[in-house]
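Some notes on the structure that comes next.
These values consider heavy atoms only, across backbone and side chains, with no hydrogens, waters or symmetry-generated copies. Please read these numbers as outputs of a predicted model, since none were measured by experiment. Sequential numbering from 1 along the given sequence is applied to the chain's residues.
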Amino acid sequence: MGVVTHHTTAISSLLISSAVVAWMLLRFRGTNLLAVIAAYFYLVAFGPVINLLIGQTAYFGTRLDEVAAASVGFTVALGGLLAADLLLPQRYNFDVSRLRQDISSRSYRRLVTGYYLAAAYMLVTLVIAGPVLVGGTKTDKVHALHGHYIVLLVEAALLLMHFVVWAGRRERRAYTFNAIVYLLYCVLSDERDFIFVAAAIVIHRALLSGRVITYRGAAFGVGAVVLAGGLVSLRSGSPFDLTAILNQGSLLFVDTFVRSLVPTSIGYAHGHTYVTTLHNILPFHVLNNSTPSPTQWLVNMYAPGSSSGYGFSLSAEAYMNFGTVGIAFVFMLVGLAQRSAVNSMDRSLAHIYRSMVVLFGLMYSIRGDSSQLLKTVFYAAVIYCVLVMPVRGREVATRSEALRTPVLNAARSPGRLAN
């Protein structure tokens, strides 16, 4: 195995980033959502760096001579999140009475139908793909499950309507049944998306109660990391140990690969990938844009003709457009978008849904590209408008039942909910 060059720079970046994340987590006693995002990014970005520095393995194909430069980029990304945190302070007291009123004023028949239809589709596809799911590879399973990634996107959008469905028993039953089928679908298809969905729900429930990192919250975070690492090891057949837990994703591989080409062999894109993202947000490439997404670009450059992907990296995409300074700017904008969403989440169910979707999309696309983030938010909004917004009236639960909603009652403390 090779040795990381400029290891002093990599270690310095690691220590600085550790201090930034620790300060963000501790200065508001764990109630800072951007600090949670920073901690997640720190894990998936620096986990492989730590492995390499202690003599363990990282993702195959990582350019060891670019690890130090990529580490600097990761630190700059965390600096962008810190800048957003300082520029736009987070609210810490939320008034859930408006959410309760929103719940009690609508009917959700279309949403209930959507849950059952989505669950039925997943069950049918699982049955059809049964033989492949038993012994096939991840790629085989994706090909056997028709519309696999569309299913994952739709399910995330449906399950993030967590606060909407507590309007009545019928909604809760449909939601629970769909969630069980979705969990089965993810397990059989070797997907970990359900962890991001669960994290978004748990974090927003905690935010409404005024706290994020309690002993239970910390235990959930550690458990989610261990579970994700275990699923990767199970899927790949590799040993489940600390090395597997730290190698959560391919960020280091992607960032070092991009830096090995940009700008020495390929010039900076100067924002072109973000323009492509806007062009490709609608299906079927209606604007006739043939430029590949960064994820497909990586496949074309690293393994032309490969049927599998390697994900991508928001920090690598920012670098390939604007260099290292661009990473700070992009992550600051992303942080401001998340902060704006969470600060307005108690205005209505639509606002808290937006905050949960942005959080899910960000956690999912940190190991992807901007098109995944924007498409997640855009199509989740479309699904919400179709299944929730057009409906008026209330036939399922009375206002008094909505006011007894257990999810919202978790945040009833007057001291914490006063504006």
Taking all non-hydrogen atoms of both residues into account, name the closest pair between Y149 and V142 and its distance. CE1-CG1, 3.6 Å
Polar side chain donor-acceptor pair, E317 to S370, under 3.5 angstrom: yes
Just wondering, do V258 and W297 contact through their side chains at under 4.5 Å, heavy atoms? yes
Tell me whether the rings of Y274 and F322 are parallel (<30°), tilted (30 to 60°) or perpendicular (>60°). parallel
Among side-chain atoms of N32 and R339, is any donor-acceptor pair under 3.5 angstrom? yes
Answer yes or no: is there a donor N or O on one side and an acceptor on the other, between the side chain of S355 and the main chain of H351, under 3.5 Å? no
Is the cationic atom of R259 (NZ for Lys, CZ for Arg) positioned less than 6.0 Å from the six-membered ring centroid of Y319 and within 45 degrees of its normal? yes
Assess whether side chain to side chain contact (heavy atoms under 4.5 Å, CB included) is satisfied between Y185 and L152, documenting all intermediate values. CA-CA 9 Å; Y185 184 91; L152 293 178; 4.1 Å; yes
Under a 3.5 Å distance rule, please check whether K375 uses its side chain to pair with a backbone N or O of N280 as donor and acceptor. yes
Is the backbone of H143 close enough, under 3.5 Å, to the side chain of D140 for a donor and an acceptor to pair up by distance? no
Which heavy atom of L53 sits nearest a heavy atom of I11, and at what distance? CD1-CG1, 3.9 Å
Cut-off 3.5 Å, side chains only: do S17 and T75 have a donor facing an acceptor? yes
Do R205 and F163 have side chains that approach each other closer than 4.5 Å (heavy atoms only, starting at C-beta)? yes
Are the side chains of L278 and L374 in contact, using a 4.5 Å heavy-atom criterion? yes
What I want to check is whether the side chains of N247 and Q56 have a donor and an acceptor closer together than 3.5 Å. no
Is there a donor-acceptor contact under 3.5 Å from the side chain of R63 to the main chain of G61? yes
Atom pair CD1/OG1 of I281 and T276 - distance to nearest 0.5 Å: 13.0 Å
Before you tell me yes or no, could you show the steps for L111 and L158 under side chain to side chain contact (heavy atoms under 4.5 Å, CB included), namely the whole-Å CA-CA distance, both residues' side-chain angles and the distance that decides it to 0.1 Å? CA-CA 8 Å; L111 183 56; L158 290 174; 4.1 Å; yes
For R91, does its backbone N or O pair with a side-chain atom of N343 as donor and acceptor, under 3.5 Å? yes
Any side-chain donor paired with an acceptor under 3.5 Å for N300 and Q296? yes
Any Y116 side-chain heavy atom under 4.5 Å of R173 side chain: yes
Hey, are the side chains of L208 and H204 touching, using non-hydrogen atoms and a 4.5 Å cut-off? no
Sidechain-backbone polar pair: Y108 side chain, V164 backbone, donor-acceptor under 3.5 Å: no
So, applying ring pair (Phe, Tyr, Trp, His ring centres under 6.0 Å) with Y302, which one of F312, F60, Y59, F253 is it? F253
Side chain to side chain donor-acceptor pair (under 3.5 Å) pairs touching residues 117-126, sequence neighbours excluded, are none
Closest non-hydrogen atom pair between A129 and L145, with its separation: CB-CD2, 3.8 Å
Classify the ring geometry of Y364 against F360: parallel below 30°, tilted from 30° to 60°, perpendicular beyond 60°. parallel
Look up atom CG in L159 and atom CE in M356, then write down how far apart they are to the nearest 0.5 Å. 9.5 Å
Kindly determine whether K141 and E191 satisfy salt bridge (charged side-chain N to carboxylate O under 4.0 Å, His left out), including the steps that lead there. CA-CA 10 Å; K141 294 177 181 181; E191 293 289 355; over 6 Å; no
Output yes when a side-chain donor or acceptor of Q372 lies under 3.5 Å from a complementary backbone atom of G361, and no otherwise. no
Is there a side-chain contact between L362 and I37 (heavy atoms, below 4.5 Å)? yes
Heavy-atom closest pair, residues G326 and A318: O-CB, 3.9 Å
Close aromatic pair by centroid cut-off 6.0 Å: Y175 and H162: yes
Assign the ring pair Y353 / Y384 to parallel, tilted or perpendicular, where the plane angle (0 to 90°) is split at 30° and 60°. parallel
Interatomic spacing from OG1 in T277 to NE2 in H272 - rounded to 0.5 Å: 10.0 Å
Ring-ring centroid check F46 F74, cutoff 6.0 Å: yes
Flag side-chain contact, heavy atom, 4.5 Å: N178 against M122: yes
Are T273 and D369 close enough, and set up right, to give a side chain to side chain contact (heavy atoms under 4.5 Å, CB included), and what steps lead you there? CA-CA 9 Å; T273 70; D369 55 44; over 6 Å; no
Can you confirm whether V20 sits close enough to L81 that some side-chain heavy atom of one is under 4.5 Å from a side-chain heavy atom of the other? no
Between the main-chain N or O of L33 and the side-chain N or O of Q90, is there a donor-acceptor pair closer than 3.5 Å? yes
Assess, by modelled atom type and distance only, whether the side chains of S313 and S315 contain a donor and an acceptor separated by less than 3.5 Å. yes
Could you state the interatomic distance from NE2 (H7) to CG (L14), rounded to the nearest 0.5 Å? 13.0 Å
Donor-acceptor check, side chain of S250 to backbone of Y310, threshold 3.5 angstrom: yes or no? yes
To the nearest 0.5 Å, atom OG1 of T113 lies from atom CG of L387 at 8.5 Å
L314 to S365 - nearest heavy-atom pair and separation: CG-O, 3.2 Å
Around atom CD1 of I150, are there more than 12 heavy atoms of other residues, nucleotides or ligands at under 6.0 Å? no
Just checking F194 against Y182, ring centres under 6.0 Å apart? no
Distance-minimising heavy-atom pair for S260 and E66: CA-OE2, 4.0 Å
Side chain to side chain contact (heavy atoms under 4.5 Å, CB included), that's the test. Do V21 and L78 meet it? Break it down for me. CA-CA 8 Å; V21 173; L78 289 170; 4.1 Å; yes
Rounded to the nearest 0.5 Å, what's the gap from CZ on F331 to CG on L336? Could you check? 13.0 Å
